[in-house]
*Asks:* 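Structure provided below as structure tokens; questions to follow.
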Amino acid sequence: MKAFISEHLDLIVAQLKSDQLLPEDFQPRIQIDNTKDKAHGDLACNLALMAAKPAGKKPRDLAEIIVQRLQANTDFCQKVSKMEIAGPGFINFFLSQATLTSVVSQVLEDEAFGQSNVGQGEKVQIEFVSANPTGPLHIGHGRGAAVGDCLSRLLEATGWQVTREFYYNDAGAQIDNLALSVQARAKGLGPEDASWPKDGYQGDYIVDVANSFLAGDTVIADDQQVTANADVNDLDAIRRFAVAFLRREQDLDLKAFGVAFDVYYLESSLYQEGLVEAAVKKLIDNGFTYEEGGALWLRTTDFGDDKDRVMRKTDGGYTYFVPDVAYHLNKWQRGFKKVINEQGADHHSTITRVRAGLQALKVDIPEGWPDYVLHQMVTVMRDGEEVKISKRAGSYVTLRDLIDEVGCDATRYFLAARAPSSQLTFDIDLARSQTNDNPVYYIQYAHARLASVARQAEEKGYSWSEKATECLAQLNTDQEQAVLNLLARFPEVVKKAARELEPHQIAQYLRDLAAAMHSWYNANQFLVEDAQVRTARLMLAAATRKVLAKGLDLLGVTAPDSM
RNA sequence: GCGCCUAUAGCUCAAUCGGAUAGAGCAACGCCCUUCUAAGGCGUAGGUUGCAGGUUCGAUUCCUGCUGGGCGCGCCA
């Protein structure tokens with residue numbers, strides 16, 4: 001509908017230009033907004049405000065001219081029943097009843113309602129979580145999982161071909177530390193012993209890994225199968241087993257969270273396939289490196305960094321961002337013109353380095369590539385006190401804890417319902433309480449109520465057809481109009497959330513829609529005697545239920561038929 | 001010291017690439033279950049949008065400078 005009005009306004013602008021009321025070079029970005037206040041109609045436009053100065057007229061006078069010309073168009077007036085000039089010069093559009101209710105049949109008939117083709121089938125890769133296999137996933141990973149998966153769903157809904165990818169370091173110093181820690185536990189040592197590895201992982205899960213290793217267990221993860229040989233002196237075997245064990249554990253957590261990946265990418269494979277060496281050679285050949293103090297440096301300051309960065313340490317090993325550059329070159333070469341990295345804001349300093357490295361490769365990668373979505377830190381509260389997140393201390397709140405205590409739906413909703421750029425306080429006590437403090441229940445309850453209405457309509461033999469559009473004129477209460485307006489907004493909300501990479505906009509929308517539904521439910525009885533009214537309400541109820549379910553699905557939250 | 005994020009009602013958060021009177025939930029108070037699920041609804045109260053400037057018809061939004069909070073600033077990842 002916005003597009004419809006926008007097209008007509010474009011025509012008006014063209015007319016005004018040819019009538020010399022507007023300068024030829026005037027290029028307005030015509031903005032059609034949803035109104036906050038119903039008194040302002042359904043949609044509002046600021047064209048007269050934008051064009052007033054170029055036209056040399058008062059905004060309200062110009063608005064008057066625009067409205068007159070629109071009123072001359074009968075096609076337009078069929079869809080827009082009334083126009084008003086308001087405030088400094090807004091033009092408010094009141095949609096006709098037929099226009100307002102048309103969304104009901106759209107929703108009921110179009111299984112793809114809300115979807116669009118903005119992405120035009122282009123490939124996009126979303127890398128998220130990417131936790132190292134040194135322990136169970138913590139709540140920060142949970143936020144990454146929730147946001148990353150919702151972004152994936154949003155982009156799928158807007159016509160992109162999405163690859164979900166998980167990258168992990170299976171070979172670095174932290175993995176050595178992991179292996180040493182497991183070995184120490186296998187030998188019966190604890191953190192209190194003198195020979196306990198320096199900075200060893202102290203969490204209880206290390207004991208589990210050690211016991212499983214000693215028991216000769218077999219674990220399967222990421223298409224690899226590892227059987228423990230129970231030899232506490234075989235550090236290499238311990239390393240392989242520990243990585244597989246923890247990867248399996250992480251995958252079970254992610255599965256319980258409703259998140260699945262298409263690709264698991266191992267840092268070690270970058271070395272095995274020579275991609276790191278190839279990238280380094282290219283950087284050297286391109287002249288962006290120099291040797292100093294026995295190390296090899298990349299001149300990242302050429303690309304906006306505040307100082308140059310070491311690529312190859314004096315011990316011959318590469319610093320972490322070098323394989324990162326090789327990895328992203330590989331992403332590019334796999335044909336991903338659009339890549340989104342969802343990661344914790346504590347790693348934001350890598351962005352400049354990776355982008356600098358990619359530019360220095362000189363392979364025509366665009367300057368701002370790839371995109372990043374950074375989520376801020378999550379603070380966990382329990383019993384009114386902050387629970388510290390520390391991977392090495394082993395006393396952090398795991399994603400598994402949350403899923404077990406709070407439930408998958410509520411956890412996903414809480415972690416995705418806030419802007420990623422905002423810090424998040426996760427109050428476990430609040431989230432796990434079975435009271436109505438929990439906003440996800442509010443939305444799910446709206447869905448369950450509508451499902452219940454549908455059941456009872458069926459029991460009473462109140463059948464209806466999706467084609468009964470003539471009944472829709474009966475939808476004239478304030479509450480029904482509010483629901484209709486919100487339903488019509490759904491496609492643009494999905495598009496906007498996808499464009500701005502902000503899943504929380506969906507959560508916000510769903511809350512609004514649920515609120516409108518609950519108000520309606522309380523104000524109007526659905527299963528009334530009047531067949532016309534009843535059918536209209538059942539149709540709107542079915543459409544609302546469908547959109548609630550679609551929205552919840554974008555968040556990865558279930559839409560229960562009863563609660 | 002430098003970089004990124006952030007500051008909105010008592011609390012947790014929204015606010016459409018700058019729009020009209022800044023909105024929800026929780027907490028507080030008052031109502032509504034003989035009616036399709038009260039995990040609900042209706043109403044009241046609650047604000048100098050951290051501070052000071054600037055840009056403009058219009059600023060929570062953009063710019064500058066302060067102040068407070070978080071994260072980062074390693075030949076760790």
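Chain identifiers are assigned alphabetically (A, B, ...) following the order of the sequence lines, protein sequences preceding nucleic acid strands; residue numbering begins at 1 within each chain.
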*Asks:* When the P atoms of B:U64 and B:A20 are considered, how many whole Å apart are they?
*Replies:* 25 Å
*Asks:* Taking the side chain as every heavy atom from C-beta outward, state whether A:Lys331 and A:Asn341 have any pair of such atoms under 4.5 Å apart.
*Replies:* yes
*Asks:* Is B:C33 in the syn or the anti form, by the rule that syn lies within 90° of 0?
*Replies:* syn
*Asks:* At less than 4.0 Å, is any side-chain N or O atom of A:Lys313 found next to OP1 or OP2 of B:C76? Yes or no.
*Replies:* yes
*Asks:* If the C1' atom of B:U16 is compared with that of B:C5, how far apart are they to the nearest Å?
*Replies:* 22 Å
*Asks:* Would you mind reading off the distance between A:Leu450 atom CG and B:G41 atom C1', rounded to a whole angstrom?
*Replies:* 15 Å
*Asks:* Which of residues 33-49 of chain A sit near RNA chain B, with a heavy atom under 4.0 Å from it?
*Replies:* A:Asp33, A:Asn34, A:Lys36, A:His40, A:Ala44, A:Asn46, A:Leu49
*Asks:* Is any side-chain N or O of A:Tyr320 under 3.5 Å from a base N or O of B:A77, one able to act as donor and the other as acceptor?
*Replies:* yes
*Asks:* Rounding to an integer number of angstrom, what distance separates B:C73 and B:C57 when you compare their P atoms?
*Replies:* 45 Å
*Asks:* Measure distances between side-chain N and O atoms of A:Asp512 and base N and O atoms of B:A15, and say whether any donor-acceptor pair falls under 3.5 Å.
*Replies:* no
*Asks:* I need a per-nucleotide contact map over nucleotides 68-73 of chain B, read 5' to 3'. Cutoff is protein heavy atoms under 4.0 Å; write B for the base, S for backbone only, - otherwise.
*Replies:* -BBBSS
*Asks:* Give one of base, sugar-phosphate or nothing for A:Tyr521, where a contact means two heavy atoms less than 4.0 Å apart.
*Replies:* base
*Asks:* Please give the distance between the P atoms of B:C71 and B:G19 as a whole number of Å.
*Replies:* 33 Å
*Asks:* So, A:Lys496 and A:Glu500, do they make that salt bridge, N to O below 4.0 Å?
*Replies:* yes
